[in-house]
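Atoms considered below: every heavy atom in the structure, side chains included; atoms not considered: hydrogens, waters and symmetry mates. Here is the naming used below: chain letters follow the sequence lines, and residue numbers restart at 1 for every chain.
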2 protein chains.
Amino acid sequence: MTDPKASAIQVPPAEQAGRFARAREVQSRALLEDYVELIGDLITAHGEARVADIAERMGVAHPTATKTVARLKREGLATSRPYRGVFLTEEGARLAESVRSRHRTVVDLLVALGVPAEHAERDAEGIEHHVSQRTLRAFEAFLTKSETQPQS
Amino acid sequence: MTDPKASAIQVPPAEQAGRFARAREVQSRALLEDYVELIGDLITAHGEARVADIAERMGVAHPTATKTVARLKREGLATSRPYRGVFLTEEGARLAESVRSRHRTVVDLLVALGVPAEHAERDAEGIEHHVSQRTLRAFEAFLTKSETQPQS
DNA sequence: CCATAAAATTAGCCATGGCTATATCTTGCG
DNA sequence: CGCAAGATATAGCCATGGCTAATTTTATGG
Ligand SMILES: [Mn+2]
Ligand SMILES: [Mn+2]
Ligand SMILES: [Mn+2]
Ligand SMILES: [Mn+2]
């Protein structure tokens, strides 16, 4: 068991600052990740990703979706011509795939730990973005193990 | 195994929008949570929480910390008088305690799954805010179990 | 084929959370 | 004491990510 109180405070300030910086960094990427994942899903399901559908599924107003799509284009993740649908670049498609896979792993882990599916989906939508490669591997390892030998 | 592609798309749009809304909601609380936790730690360790220390540990400039403290006051989580330290209200202290406890649980879970401590700390700093009560209970249950009967 | 409905974009607003530069207050020391 | 130095606060800037209202483009059905 960790020492309850003093633990956080005796880590060097610079190191703690680094952790918070990482969290902020991740945060600024989270929205992009959710958009490319969703755009990929829409293209798979409907052959195209319309701004209206993106907005509806993200739960934001149309102009908000348009603005974010502009950012995706700026960052090289998507393309679109005015009044046409939105498409993913190679890089966008790659990101979408990795985001989708990580999302599934996070949900699967939560469910494996006994979290109801609905809850798992909700929490995963935020958690996923903060799960590093290293942590993802640990999740996968645990899932593989609990497949082989289910709960004791 | 879940169906790889179509899974996300056949959830009703309103429900998916709700998940994203939840994630945004959580996001807007995350900064407050980290601040009250840190302020609580500083008071425990040094008897007071100075803006300079808060800024240093959060990895932001002093004015940024001042501005966020103003928001904490607005939201009834902290108090402070100009050029004096920052203190937590009852509500702030309660929040700090629950945030600290959840933080520890998340770190412990990651470590229990085999994530190196440093990594666990980093990832937890972002993950923690998205862990609901229900999920937290699942984490605790797992940790209790793996104490009793360690890895097979 | 064109008028109107639907979809998308643009314009312009707000809050948050960063920053730097400047002003003000507190404090400790000579 | 009294005046630097240091700590804090204020002013004012920027980017992101929301919003509504207005405009422009596309698509359709009579
Ligand atoms: Mn997400
Ligand atoms: Mn997701
Ligand atoms: Mn945190
Ligand atoms: Mn924390």
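Taking atom CZ of A:Arg29 as the reference point, atom P of D:dT16 lies 13 Å away to the nearest angstrom. At whole-Å resolution of the value, OH in A:Tyr35 and C1' in D:dT16 are 12 Å apart. Rounded to whole angstrom, the span from the NZ atom of A:Lys73 across to the C1' atom of D:dT16 amounts to 18 Å. Separating the CZ atom of A:Arg81 from the P atom of C:dT9 is a distance of 12 Å, rounded to the nearest angstrom. Remark: C1' of C:dA6 and CG of A:Asp53 are 13 Å apart, rounded to the nearest angstrom. The separation between B:Phe20 atom CZ and D:dG18 atom P is 11 Å, rounded to whole Å. To the nearest angstrom, C1' of D:dC19 lies 15 Å from CE of A:Met58. Atom CD1 of B:Ile54 and atom P of D:dA9 are 9 Å apart (whole Å).
The side chain of A:Arg50 approaches C:dA8 more closely than any other nucleotide in the set D:dG18, C:dG18, C:dA8. Closest contact between the side chain of A:Thr64 and the listed nucleotides D:dC19, C:dT26, D:dT26 involves D:dC19. In this structure, the nucleotide among D:dC19, D:dT26, C:dT24 sitting nearest to the side chain of A:Arg84 is D:dT26. Out of D:dT8, C:dA8, D:dG18, the shortest distance to the side chain of A:Tyr83 is found at C:dA8.
B:Arg74 comes within contact range of the sugar-phosphate backbone alone, with a heavy-atom separation under 4.0 Å but no base atom that close. The residue B:Ala61 sits close to a base: some heavy atom pair falls under 4.0 Å.
Salt bridge absent: B:Arg84 and B:Glu48 never bring a charged side-chain N and a carboxylate O closer than 4.0 Å.
Clustering of Ile, Leu, Val, Met, Phe, Trp and Tyr side chains at separations under 4.5 Å leaves B:Val26 isolated, with no partner residue.
OP1 or OP2 of C:dT9 lies within a sub-4.0 Å distance of a side-chain N or O belonging to A:Thr66.
With the nearest nucleotide of DNA chain D identified for both B:Lys67 and B:His62, B:His62 has the one nearer the 5' end. Take the nearest nucleotide of DNA chain C for A:Pro63 and for B:Pro82: the residue whose nucleotide is more 5' is A:Pro63.
When ring centroids are compared, B:Tyr35 and A:Phe20 stay outside the 6.0 Å threshold.
Aromatic ring orientation, A:His130 versus B:His130: tilted (interplanar angle from 30° to 60°).
Using modelled atom types, one finds a donor on one side chain and an acceptor on the other under 3.5 Å when comparing A:Lys73 with A:Ser80.
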